[in-house]
Amino acid sequence: MSTERYNAREAELRWQKVWDERGVFATRNDDPRPRYYVLEMFPYPSGRIHMGHVRNYAMGDVVARYKRARGFNVLHPMGWDAFGMPAENAAIERKIHPRAWTYDNIAAMRAQLKSMGLSLDWRREIATCDPSYYKHQQRMFLDFVRAGLVERKKSKVNWDPVDQTVLANEQVIDGRGWRSGALVEQRELTQWFFKITHFAQELLDALDRLERWPDKVRLMQKNWIGRSEGLLIRFELDPSTTPKGERELDIFTTRHDTLFGAKFMALSPDHPLATAAAEKNPALAKFIAECKRHGTAQELIDKAEKLGFDTGMKAIHPFDPDWKLPVYVANFVLMEYGTGAIFGCPAHDPRDLEFSNKYGLGNTPVVCPPGQDPAKFVITDVAYDGDGRLINSRFLDGMTIEQAKDEVARRLETTLHGNRPVAQRQVNFRLRDWGISRQRYWGCPIPIIHCEKCGAVPVPEQHLPVTLPDDVTFDRPGNPLDRHPSWKPVTCPACGGEARRETDTMDTFVDSSWYFVRFTDPWIAEAPTQREIADAWMPVDQYIGGIEHAILHLLYSRFFTRAMKVAGHVGLDEPFAGLFTQGMVVHETYQKADGSWAAPTEVKIEGADDHRRAALIATGEAVQIGPIEKMSKSKRNTVDPDDIISSYGADVARWFMLSDSPPDRDVNWTERGVQGAWRFAQRLWRLIGDCSEIAASAPAERPQAFGQSALDVRRAAHKALARVSDEIEKLHFNVCVAQIYELTNELSEAVNNAKQRTVTADLRWAIREAAEILVALFHPMMPHLAEECYAVLGHDTLVAQQEWPELEPDLLVEDTITLPVQVNGRKRADVTVARDADQQHVEAAVLALPLVQRALEGKRPKRVIVVPQRIVNIVA
RNA sequence: GCCCCUGUGGCGGAAUUGGUAGACGCGCCUGACUCAAAAUCAGGUGGUGGAAACAUCGUGCUGGUUCGAGUCCGGCCAGGGGCACCA
């Protein structure tokens, strides 16, 4: 038995079939046990799973199986984020219908996921592109319209003038459309928005209560929401310099303390005043048009050279009627933030300084850093945005920044101009409303009908879902819905007149903003949720996914859940009580002499350490081993999970994914690592086989007393049990793996010793106990092997349905402890004392140590620090 | 450009959250078994010096706080994630 090899392929299929036939992972909503909802971010059906999925789903499955063993009714579902651009790209490039492409991919990926042996309730599978799903999404859109959470307004898009289509930021490469190569323009479209800003304060405040979220994600969201307290200031304009005699310019600032350092005003190119000024100024109009040539991505706007155009208009400083400031139009001022206009203080803002230096506007430092001589403090090319005291600022001189802000606000609030205060304190958010309109076919149709007379009319609920027409073509540019002969024209539900459907579909982030609720009851046809069931399962106890979703997906889902609450579909605000963000899967890269990349399967590695060399298997040509990078098609450094599963089995793939690297960091996929995991699986199989032979004649009853060998085995098993339980709760799977290795090493030693002498009954019993604990511990990670081993140990039930072993805490307590002894913070010796020895005893024992005596050279120690149960430090 | 994270032996990493740096694994070295190889088993393995005991250096760099710093604070360097139409 013990020399036989474990046949993963055969065993895995067999156990998957057993789980399936017995419905082991089907979750009942009426199960009375406490509930636990574990969810991994559902995949986009690209066609094949990748190693990132394997890692993500292996982690979730460990949690699901562990919580099940802990007595919870576990919800662990899977679905498909099935709308999106790649389906349309496939349609354009390969003439496959997006629906067919998507469902083919889903079928392929479902089979792959099933081969991983995940403990999923497949009966709850959903695909967001299915009308039975998006029907409810359309209904909720209308609910949100009624609740005042939806708005139509203009916003900018990347427009490809050749393909006559809107481009995603990723489709804009160096300012050109990826397919057409045409220069991209900014274009304004009227679009649908969810008013996420309505919840800005709430979304910010609630972050503090998301205690089981990583701090970094909460911080990123906090910064993204970007609450700032500032001042809205009405600058008077010199009417002789403005078109149509405009008299005022509103700006928002958080640095009103620096008002005496102002050198210019700047308007966004989209600012109405800029537009008005451009009407009579062709050069300005040309400049504004030039600004719009850039894409809409924030990164590009920030990195672009700061450019401006002097409009000739003058603004008057609020504290000095004789102080006139030039008004520029500048490419770095955003219409979406504040009022779309700023005052520029070059000395204390890096962007303003770059701008000012370019146009020779000068700068006046008005905040002096501590310890600097105000008379000598000058700014050249690095703006100072730190703390300090006000200088060159008349009545503000000497104040702190906070005092100066207060003083400026107080004075301007109480100064009236035209019966209104010149300034008012204002809270501003960086967060913008969520634009959900997409000019694409493969998405959830927005259920609105446009009528000349009645405006935008909601589709009546009994007409939902508005389904996508199947008969579409992708042979021409533009949105197929827009040019469809019969889909678009409809009668107006309000007046019965001629009308047309909204041809925009929803952002796919909408689809993924509530799927987690739908899983609680995916069968109900009448409503998005079965309220009591949704409320019973939600929030998700443990959500697991990539860090790349830290902001958008998670923030949108938090908003959507609140909106669903307003509409009465759920009774909670926060969808995810616990969040875990896992790292990526990376692999080294192989580059050929001609610069092209070779796949890991094409390469043979020789040598070790610094002497590793790689060559193409086919030709023997040497290839260069490059840096370890995220697995990607472009670098060809991907490993196909199918290949791994068919050669090593799912358990080995899962085990390797969970071992070594901490789950929140990147994991480097290596062939050697997989082989190590494979050898370990075989070793476990042999070990459990040996254990079962020894255990076969073990007493059924627990012995009254245990000898030293038996006690050692039991201690090792229970220590591992305690550590693995702790670490699995914290999702530190790599530490669990290390503990399982340790227990395996210790149990192997006991078994090897047992082979060489007669084995007492108590040791047989202890070895059986340890073997069963070991199987239970690795079951969440290698479930198939665990079932196989469990059967070998003589069970006819499933380990998947077994309770977690019970810990005997007494076994973890040692009588004596060994403390490290430091002299001046440097370890010199160990001392072994009774576990409950008091400070004096420990101190005396330590000072008596020869090594300590020698280190002290006969002198008395200055201080002895005894940290109970930890360490002793002697200060000589 | 802005926001966030990470940096520990040849490699992946551990370190009870301020208390023995390098657990565990990979790799490598030595031995056992074998005609031989693989597999397996046993032992060793941070650098430098030393036969050894031991000494000394050591957690990206640099400065600080502390009896004690991988861990806390300041400044740098490098790599990665996000930046609102990729999902």
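By convention in this document, chain letters (A, B, ...) are assigned in the order of the sequence lines, proteins followed by strands, and residues within each chain are numbered from 1.
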**Request:** Syn or anti for B/G9, please, going by whether the chi angle lies within 90° of 0.
**Result:** syn

**Request:** Evaluate whether atom NZ of A/Lys153 has more than 12 neighbouring non-hydrogen atoms of other residues, nucleotides or ligands under 6.0 angstrom away.
**Result:** yes

**Prompt:** Under 3.5 Å, is there a donor-acceptor pair between the A/Thr581 and A/Tyr543 side chains?
**Reply:** no

**Item:** Residue pair A/Asp81 / A/Thr128: nearest heavy atoms and the distance that separates them
**Value:** C-OG1, 3.6 Å

**Contact residues, residues 720-733 of chain A to RNA chain B [heavy atom, < 4.0 Å]** = none

**Prompt:** Between A/Leu189 and A/Trp159, does a side-chain contact (heavy atoms from CB on, under 4.5 Å) hold up when you go through it step by step?
**Reply:** CA-CA 10 Å; A/Leu189 294 180; A/Trp159 181 255; 5.6 Å; no

**Request:** Specify the residue among A/Arg665 and A/Arg351 whose closest nucleotide of RNA chain B lies further upstream toward the 5′ end.
**Result:** A/Arg351

**Request:** Look at the rings of A/Trp678 and A/Tyr648 and say which category their plane angle falls in: under 30° parallel, 30 to 60° tilted, over 60° perpendicular.
**Result:** perpendicular

Could you pull out the protein-nucleic contacts involving nucleotides 69-75 of chain B (nitrogen or oxygen on both sides, under 3.5 Å)?
none

**Complete:** In this structure, OG1 of A/Thr832 is separated from CG of A/Leu819 (nearest 0.5 Å) by 8.0 Å

**Item:** base_contact_polar (B/C85 base, A/Arg440 side chain, donor-acceptor, <3.5 Å)
**Value:** yes

**Asked** For A/Trp159 and B/C85, what is the distance between atoms CH2 and C1' respectively, to the nearest whole Å?
**Response** 14 Å

**Asked** Nearest to the side chain of A/Leu552 - B/C67, B/A55, B/A87?
**Response** B/A87

**Message:** Counting only heavy atoms and a strict 4.0 angstrom limit, can you tell me which residues of residues 429-436 of chain A come near RNA chain B?
**Reply:** A/Arg430, A/Leu431, A/Arg432, A/Gly435

**Prompt:** Between the main-chain N or O of A/Phe509 and the side-chain N or O of A/Asp507, is there a donor-acceptor pair closer than 3.5 Å?
**Reply:** yes

**Prompt:** Is it true that a side-chain atom of A/Arg218 and a backbone atom of A/Leu210 form a donor plus acceptor pair closer than 3.5 Å?
**Reply:** yes

**Item:** Interatomic distance, A/Leu687 CG vs B/U40 P [rounded to whole Å]
**Value:** 14 Å

**Cationic N near anionic O, under 4.0 Å, A/Asp385 to A/Arg255** = no

**Prompt:** Is A/His549 touching bases, backbone alone, or none of the nucleic acid, heavy atoms closer than 4.0 Å?
**Reply:** base

**Asked** Using a 3.5 Å cut-off on both pairing distances, which stems of three or more Watson-Crick or G-U pairs include RNA chain B?
**Response** B:1-7 with B:77-83, B:10-12 with B:24-26, B:27-32 with B:40-45, B:46-49 with B:54-57, B:60-64 with B:72-76

**Item:** Presence of salt bridge, A/Lys755 and A/Asp690, under 4.0 angstrom
**Value:** yes

**Item:** Ion pair check, A/Glu354 and A/Lys358, cut-off under 4.0 Å
**Value:** no

**Asked** Any side-chain N or O of A/Asn158 less than 4.0 Å from the OP1 or OP2 oxygen of B/C85?
**Response** no

**Request:** For this output row, return yes or no: ring centroids of A/Phe656 and A/Trp669 closer than 6.0 angstrom.
**Result:** yes

**Asked** If anything within 90° of 0 is syn and all else is anti, what is B/U20?
**Response** anti

**Request:** May I ask you to decide if A/Arg440's main-chain N or O and A/Thr505's side chain share a donor-acceptor pair within less than 3.5 Å?
**Result:** yes

Pull out every protein N or O sitting under 3.5 Å from an N or O of nucleotides 19-25 of chain B, one pair per line with the distance.
residue: B/G19; atom: N2; partner: A/Asn873; partner atom: ND2; Å: 3.4
residue: B/U20; atom: O2; partner: A/Lys827; partner atom: NZ; Å: 3.0
residue: B/A23; atom: O2'; partner: A/Glu742; partner atom: OE2; Å: 3.2
residue: B/G25; atom: OP1; partner: A/Asn745; partner atom: ND2; Å: 3.0

**Asked** Any N or O donor-acceptor pair linking the side chain of A/Gln171 to the base of B/C85 at under 3.5 Å?
**Response** no

**Asked** Mind checking whether A/Trp434 and A/Phe193 have ring centres under 6.0 Å apart?
**Response** no

**Prompt:** On RNA chain B, nearest-nucleotide positions of A/Ser659 versus A/Arg828: which is more 5'?
**Reply:** A/Ser659

**Message:** For A/Ser437 versus A/Gln191, what's the shortest heavy-atom pair and its separation?
**Reply:** CB-OE1, 3.0 Å

**Message:** Donor-acceptor pair, distance only, cut-off 3.5 Å: does the side chain of A/Thr670 make one with the backbone of A/Gly673?
**Reply:** yes

**Request:** Take the protein atom NZ of A/Lys222 and the nucleotide atom C1' of B/C3, then report the distance between them rounded to whole Å.
**Result:** 12 Å

**Message:** For A/Leu481 versus A/Thr503, what's the shortest heavy-atom pair and its separation?
**Reply:** CD1-O, 3.5 Å

**Message:** Using modelled atom types and a 3.5 Å cut-off, is there a donor and acceptor pairing between side-chain atoms of A/Asn158 and backbone atoms of A/Thr296?
**Reply:** yes

**Asked** Near RNA chain B, under 4.0 Å by heavy atom, which residues of residues 82-92 of chain A?
**Response** A/Gly84, A/Met85

**Item:** Presence of salt bridge, A/Glu336 and A/Arg430, under 4.0 angstrom
**Value:** no

